[in-house]
Number of protein chains: 2
Amino acid sequence: MHDLGKNGNKRDANRENILKIAREIFSKYGFKKTTLDDIANAVRKGKSSLYYYFNSKEDLFQAVIMKEVEILAHELEIVINRNTDPVDKLRDYILTKLATFRNLANFYHAIENDITAVGFIDEVKLKYEQDEIRMIKRILIEGVRKNEFEIYDFNLAAIGITTAIKGLEMPLTAGHYGDVNLERSVDIILKIICYGIMKR
Amino acid sequence: MHDLGKNGNKRDANRENILKIAREIFSKYGFKKTTLDDIANAVRKGKSSLYYYFNSKEDLFQAVIMKEVEILAHELEIVINRNTDPVDKLRDYILTKLATFRNLANFYHAIENDITAVGFIDEVKLKYEQDEIRMIKRILIEGVRKNEFEIYDFNLAAIGITTAIKGLEMPLTAGHYGDVNLERSVDIILKIICYGIMKR
DNA sequence: ACCGGACAAATAAGCGTTTTTGTTCGAATG
DNA sequence: CATTCGAACAAAAACGCTTATTTGTCCGGT
């Protein structure tokens, strides 16, 4: 009895499985250092079988990144749809995002140095940034509707908050100096943001 | 007629000159790629003469970084002591800092990859961060005195603003994707910050 | 204050050999 | 028809080794 994929066929299930395992290996060793043999062994298939599912090593890597972004987007979607206080929602959003970032240090390194398809990466980043602004805006709008926030320019506020979040990401992606207390940092930046948008 | 250094003697003047030229070369080629010969030629001295002024290549590099930090601190000090509106002062502070960062991409790379004296770098960063918080706090205090800001926890506000600024630095230091409109970004983040601290 | 010369250590360059690795393809399996 | 893989292969990378060059550092002399 094998797992069945989204569409119920074995192919998709296998594809998902490869993706899952490749993700682990890529995130551990980066793009250059992991070999297709590594992945093939891990999924208990022949190396050439991988080509039944993906066109190339880089193609596989891109698929992994793609899925990573999808998963993150999905998790954030859940956070956003929870019925919580707007401020808590903002905090949860930031924490969820940062938690994901913690696991992606090697991906970042790979993206910066190993990958040739720069266009693809730019595309993903851009898409994600737009998603982020959209999601933040939704939180803000809800906050206003619940009479907790007071915002005149949603676009501006969303972009500002996005930038502030970037400031939190930095110590996680670029060689971190000493362990960062995530919760504490988030609380501080959140306070500043809230100063700005809370009704009083 | 040669320039004379701070203390009027030739030694200090030469040291300063070496520092100035070494800075240019280091910032262009990074730490590993620049050789002492490069620098010696540029300052029109023999390679061994450099050892009259510095103990080692890394020592020279550290001195360059140190000076860089000093210059930045000095420039920021000037900005802070100007008699301007607090919000403008905050904007000038951020812009001045980011402008300096633009020129330091190679330094950053060197610091991340080439340098063995990690302790030294950590020290510099820490010192700078503390300075930054102190300077931001001074701006905030002045803003409150001028009755433009309304702040309950200066420490918290200063740390928050520092984090937000980091979000602006990121696209400058970590491989920038497309050119960033600095002034615009600063205005946006400034707006968010000001939302939070302005009296209304 | 400056430099030539010396030196070890590190780095690069050369080069034939071997191994690894990404990719293709046709055959096998069921 | 869907899936798997062995075998083959060129390109790349790793290796081992020798030789040449560069580079950071030190010292003695001026």
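Throughout, a chain's letter reflects where its sequence line sits, starting with A, and its residues are numbered from 1.
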Identify, with sequence neighbours excluded, every residue that meets side chain to side chain donor-acceptor pair (under 3.5 Å) alongside [X].
| X | result |
| --- | --- |
| B:Thr96 | none |
| A:Arg23 | A:Glu68 |
| A:Tyr53 | A:Asn14 |

Q) If every non-hydrogen atom of A:Ser56 is compared with every non-hydrogen atom of A:Tyr51, which pair is closest and at what distance? A)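 Shortest heavy-atom separation between A:Ser56 and A:Tyr51 comes out as CA-CE2, 4.0 Å.
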
Q: Would you name the heavy atoms of B:Arg15 and B:Ala63 that are closest together and state the gap between them?
A: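 Distance-wise, the nearest heavy atoms are NH2-CB, 4.1 Å.
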
To the nearest angstrom, how far is [X] atom [atom1] from [N] atom [atom2]?
| X | N | atom1 | atom2 | answer |
| --- | --- | --- | --- | --- |
| B:Asp37 | D:dG24 | CG | P | 7 Å |
| B:Glu58 | D:dT23 | CD | P | 17 Å |
| A:Ile39 | D:dC5 | CD1 | P | 15 Å |
| B:Tyr29 | D:dT23 | OH | P | 13 Å |
| A:Leu60 | C:dT23 | CG | C1' | 14 Å |
| B:Asn41 | C:dC3 | CG | P | 11 Å |
| B:Asn17 | C:dA1 | CG | C1' | 14 Å |
| B:Leu36 | C:dC3 | CG | P | 14 Å |

**Q.** Min side-chain heavy-atom separation A:Leu60-A:Asn55 under 4.5 Å
**A.**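 No; the side chains remain at least 4.5 Å from each other.
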
Indicate every side-chain donor-acceptor pair of residues 127-145 of chain A with a distance under 3.5 Å to a residue at least two apart or in another chain.
unit_1	atom_1	unit_2	atom_2	d
A:Lys127	NZ	A:Asp131	OD2	2.8
A:Tyr128	OH	A:Glu132	OE1	3.2
A:Asp131	OD1	A:Arg134	NH1	2.9
A:Glu132	OE1	A:Tyr93	OH	2.9
A:Glu132	OE1	A:Lys97	NZ	2.9
A:Glu132	OE2	A:Lys97	NZ	3.3
A:Lys137	NZ	A:Asn155	OD1	3.3
A:Arg138	NH1	A:Glu77	OE2	2.9
A:Arg138	NH2	A:Asn81	OD1	3.1
A:Glu142	OE1	A:Lys89	NZ	2.9
A:Glu142	OE2	A:Lys89	NZ	3.2
A:Glu142	OE2	A:Lys146	NZ	3.4

Q. Does C:dA1 have OP1 or OP2 sitting under 4.0 Å from an N or O in the side chain of B:Arg11?
A.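 For B:Arg11, the contact criterion (side-chain N or O under 4.0 Å from OP1 or OP2 of C:dA1) is met.
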
Q) So which of residues 44-57 of chain B are in contact with DNA chain D, with a heavy-atom cut-off of under 4.0 Å? A)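 Output list: B:Lys47, B:Ser48, B:Tyr51, B:Ser56, B:Lys57.
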
**Q.** Terminal axes of the helix from C:dA1-D:dT30 to C:dG30-D:dC1 (five pairs each): angle between them, nearest 10 degrees
**A.**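 Axis-to-axis angle, ends of the helix: 40°.
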
Q: Can you label the angle between the A:Phe31 ring and the A:Phe61 ring as parallel, tilted or perpendicular, going by 30° and 60°?
A: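 It falls in the perpendicular class, over 60°.
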
Q) So which of A:Leu95, A:Thr100, A:Ile94 actually passes side-chain contact (heavy atoms from CB on, under 4.5 Å) with A:Leu98? A)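 Only match with A:Leu98 under side-chain contact (heavy atoms from CB on, under 4.5 Å): A:Ile94.
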
